[in-house]
2 protein chains.
Amino acid sequence: MVSIKDIAAACNVSTMTVSRAINGSDEISRETKERILKMCDKMGYRPNAAARNLVLNKTDMIGLVIPDIANQYYAYMSKGVSSYLEKLGYGLVLCNSDRNADNERRYLDFLTQRRVDGIILIPIRYHVEDYANLVNVTPFVQVDNYVLDLNASYIGNDNYIGGRKIITHMLSLGYRRIGAILSNKNSTASNERLKGYLDAHREQGVAVDEDILLRSNATFEDGYKLAEVLIDKKVDAIFGINDTVALGVMKYCYNRRVKVPRDLGVAGYDDIEQAAMFPVPLTTVHQPKIRLGEAAATVLLNEINNENHQKQKVILQPELVVRKSCGE
Amino acid sequence: MVSIKDIAAACNVSTMTVSRAINGSDEISRETKERILKMCDKMGYRPNAAARNLVLNKTDMIGLVIPDIANQYYAYMSKGVSSYLEKLGYGLVLCNSDRNADNERRYLDFLTQRRVDGIILIPIRYHVEDYANLVNVTPFVQVDNYVLDLNASYIGNDNYIGGRKIITHMLSLGYRRIGAILSNKNSTASNERLKGYLDAHREQGVAVDEDILLRSNATFEDGYKLAEVLIDKKVDAIFGINDTVALGVMKYCYNRRVKVPRDLGVAGYDDIEQAAMFPVPLTTVHQPKIRLGEAAATVLLNEINNENHQKQKVILQPELVVRKSCGE
DNA sequence: TACATCGACGTTAACGTTAACGTTAACGTC
DNA sequence: GACGTTAACGTTAACGTTAACGTCGATGTA
């Protein structure tokens, strides 16, 4: 591979002059610069990033650590991160932890060794100590999941408001027994949405029956199964903690000839692609996934480039998407 | 950031001894090795990858250039690439070209400058010359899309067989006028599947009416619109070039009270997540997306590590997935 | 004339690491 | 006792690039 030295030799100048030509310094005459650049092109010269990293002490690389790239939510978020970084000339190192703590740890080590300029992390562990060896080593921001006491900026969606919005909407349509299929108790997103559920009821003066608040693994199958349970409990609507669950509910209704929304209102959360495609389109909460990625990248690059990096907390607002599954 | 020198000083040894301790050389006594490693841990030493790259002439990084990470097909493929690379200690640089030729070119330049050890590319341009400056610079493989005369290994799914399989299946169920909603004429995948469509008809001795072979942009909306056109042309089944199109067709049928599969058979291609979730689950062709990524990574790493890199052509076989939308 | 200024370049050292080779002490061998 | 062997280190140079400083002729300036 041709190096700066080869160019220098071919042009009868020092390597420093070549360096100046490449990096657009003004301490070089226009003619030599053009002569050198032409030679670079001719000889197929490509700057060696490793050598640059070493002396410049930066890599123009950002690490992204996510639980699952095949998940639409993270995929869209990654797209937002990627497109934002591309504009600024940064590269993206994708680390798919597969929801495995060991993988996450290894990836974080990998990234710090690579000296990436910063890390965007969707943490899957719960305690500060889990991320102790990251702090003060590489600038990083946490997205979506909030690790208590972790001294890092946070970028997330407002799950509380989202939950409150959609439940308020359902209550306003007259539903009075809204069953909920939630995630497990560790999920902060689920818990926040539940809080929104409860507050919406309080505001509207509607009593809450805890017996129709169910936990699940938030899968399509769980939605299908628990729909039956909830319908037995005489609910008049079901709120799925995400769209996948809600679609499971709708599938059950279709099979059992329960008409949505006439016999049962259904709502989800996330606004995944299939929500709009379903025969009875799903009323749901839209989360700005791409913007979430962009915001994370924005905050991170800000911290990288500014000395006085105040830790930030950016909460994006979700939007109610009214379709057919709850009536209108 | 603490370097090998700091460790050396702290341990009263030379930097080379530290290097040996870190890299597991056997030219070092067990005691010194342990003493050094303990110090590394204590001082929080992290090897500088850039420095290593420079002297070892490799980066343990692989570039992945894809059209759209938010597309399920590519997302799953990326997951396959990622998990395979992770096992072997390689990192992944994700480049989302957004189906933009300029972006793709810039990304390829970026990757070669970073001296990634290899590139996995889903090309979006059609001509060899478009990728001329990549050949003989970095090992790379092309996936999914085949660029004619490009001297690189290819890993893809067998679209011809997939198309033939599903059409044969439909014909065997008795359908005789199978309308098709294809992509544009540049799409090799679409063309191959069409070839399968035609051959299946020939084999079964069923005449083809070219009037019911339609081009489209392969979107949900196109599926919805063209379903009406085809039904007017008295088809008894519709084959969508992908599941999204097919779901558009199903949505039209639902709205117009056309019973699937009783009044109309519907089939798709890809086996995306929503295909199984639909009220009437979609009969389709399953493409091994994760395995595609794994295969691409396997072939690439093979070429990187073996001198005598014979270019390969790996074609994965798709599988028919029979659900309800065509009867059984 | 003497001296400062400036443009355009070269020289040197450094970034952190490892390969290749050199060194040394301890031990064995005849 | 002379020499070889080996284990366990150290030294040096190199990877490709750039920051910092030096040089040198040309041009202005009093």
Side-chain angles (χ1 to χ4, degrees), chain A residues 1-37 39-40 43-61 89 109-117 137-138, chain B residues 1-37 39-40 43-61 89 109-117 137-138:
Chain A
M1 189 87 75
V2 28
S3 86
I4 207 173
K5 268 183 199 165
D6 304 315
I7 305 291
C11 289
N12 255 320
V13 295
S14 74
T15 61
M16 197 52 219
T17 305
V18 178
S19 176
R20 276 191 268 256
I22 295 166
N23 296 315
S25 160
D26 53 350
E27 286 188 24
I28 186 174
S29 74
R30 175 191 291 258
E31 307 94 62
T32 12
K33 187 173 179 178
E34 282 178 2
R35 190 161 55 93
I36 291 174
L37 290 182
M39 185 60 78
C40 287
M43 298 179 67
Y45 167 72
R46 292 154 198 273
N48 184 315
R52 272 190 177 159
N53 298 347
L54 206 51
V55 56
L56 295 179
N57 209 28
K58 65 175 185 131
T59 57
D60 290 335
M61 284 278 190
D109 273 359
F110 183 87
L111 290 174
T112 52
Q113 289 195 14
R114 302 291 140 164
R115 302 290 194 273
V116 292
D117 294 343
V137 174
T138 307
Chain B
M1 188 86 74
V2 27
S3 85
I4 207 174
K5 269 184 198 165
D6 304 314
I7 304 290
C11 289
N12 254 321
V13 295
S14 75
T15 60
M16 197 52 219
T17 304
V18 178
S19 177
R20 277 190 268 255
I22 294 166
N23 296 316
S25 161
D26 52 349
E27 289 186 22
I28 186 175
S29 75
R30 174 190 294 258
E31 306 94 64
T32 10
K33 187 173 179 176
E34 282 178 3
R35 191 161 56 90
I36 291 174
L37 289 182
M39 184 61 78
C40 285
M43 298 179 68
Y45 167 72
R46 292 154 197 273
N48 184 316
R52 273 190 176 158
N53 298 347
L54 205 51
V55 57
L56 295 179
N57 208 28
K58 63 174 186 134
T59 56
D60 291 335
M61 284 278 191
D109 274 359
F110 183 86
L111 291 174
T112 51
Q113 289 194 14
R114 301 291 141 164
R115 301 291 194 274
V116 292
D117 294 343
V137 173
T138 307

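Reminder, nothing fancy here: chain letters follow the sequence lines and each chain counts from 1.
- In this structure, A/Arg30 places its CZ atom 11 Å from P of C/dA8, rounding to the nearest Å.
- In this structure, the CZ atom of B/Arg114 is 14 Å from the C1' atom of D/dG16, given to the nearest Å.
- The stretch residues 15-22 of chain A comes close to DNA chain C through A/Met16, A/Thr17, A/Arg20, each having a heavy atom under 4.0 Å from the strand.
- Between A/Lys33 and the phosphate of C/dA8, there is no side-chain N or O to OP1/OP2 separation shorter than 4.0 Å.
- Closest approach of B/Ile7 to B/Met43, counting heavy atoms only: CD1-SD, 3.9 Å.
- Contacts of B/Asn23 with the nucleic acid, taken as non-hydrogen atoms under 4.0 Å apart, involve only primed sugar atoms and P, OP1 or OP2.
- Counting only heavy atoms from C-beta outward, the side chains of B/Asn48 and B/Ser3 never approach each other to under 4.5 Å.
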### Task
Could you walk me through whether B/Ile22 and B/Tyr45 pass side chain to side chain contact (heavy atoms under 4.5 Å, CB included), step by step?
CA-CA 10 Å; B/Ile22 294 166; B/Tyr45 167 72; 3.4 Å; yes
### Query
Can you list the steps and then say if B/Asp109 with A/Arg46 is a side chain to side chain contact (heavy atoms under 4.5 Å, CB included)?
CA-CA 8 Å; B/Asp109 274 359; A/Arg46 292 154 198 273; 3.8 Å; yes
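- Put simply, the side chain of A/Arg115 never gets that close to the backbone of A/Thr138: no donor and acceptor are under 3.5 Å apart.
- A heavy-atom distance below 4.5 Å is found between the side chains of B/Arg35 and B/Val13.
- Taking only side-chain atoms of B/Ile28, from C-beta outward, the nucleotide of C/dG10, D/dC9, C/dG16 with the closest atom is D/dC9.
- Shown here, C/dC30 forms a base pair with D/dG1; the pair counts as Watson-Crick or G-U wobble because both key distances fall under 3.5 Å.
- Taking atom NZ on B/Lys58 and atom C1' on C/dT18, their separation rounds to 12 Å, with Å as the unit.
- In the set D/dG16, C/dG16, D/dT18, the nucleotide with an atom closest to the side chain of A/Leu56 is D/dT18.
- In this structure, the CD atom of B/Glu27 is 14 Å from the C1' atom of D/dT11, given to the nearest Å.
- Atom CE of A/Met1 is separated from atom C1' of D/dT17 by 15 Å (rounded to the nearest Å).
- A/Glu31 has its CD atom 10 Å from the C1' atom of C/dA8, to the nearest Å.
- Straight-line distance from the CG atom of A/Asp26 to the C1' atom of C/dA8: 11 Å, rounded to whole Å.
- Here D/dT18 is the nucleotide among D/dT18, C/dT18, D/dC9 with the atom lying nearest to any side-chain atom of A/Ile4.
- With a cut-off of 3.5 Å on both pairing distances, the Watson-Crick or G-U wobble partner of C/dA2 is D/dT29.
- Pair assignment for C/dT11: D/dA20, on the basis of Watson-Crick or G-U wobble contacts that are both within less than 3.5 Å.
- The nucleotide whose nearest atom lies closest to any side-chain atom of A/Lys5 is, among D/dT17, C/dC15, C/dA8, D/dT17.
- For B/Thr32 against B/Ile28, the heavy-atom pair with the smallest separation is OG1-CG1, 4.0 Å.
- Nucleic acid contact for A/Ser14: base, since at least one base atom lies under 4.0 Å from a heavy atom of the residue.
- The CG-C1' distance, from B/Asn53 to C/dT18, rounds to 12 Å in whole Å.
- Considering A/Asn23, A/Thr59, A/Asp60, A/Asn57 in turn, A/Asn23 is the only one that fulfils the side-chain hydrogen bond (donor to acceptor under 3.5 Å, both in side chains) rule with A/Arg52.
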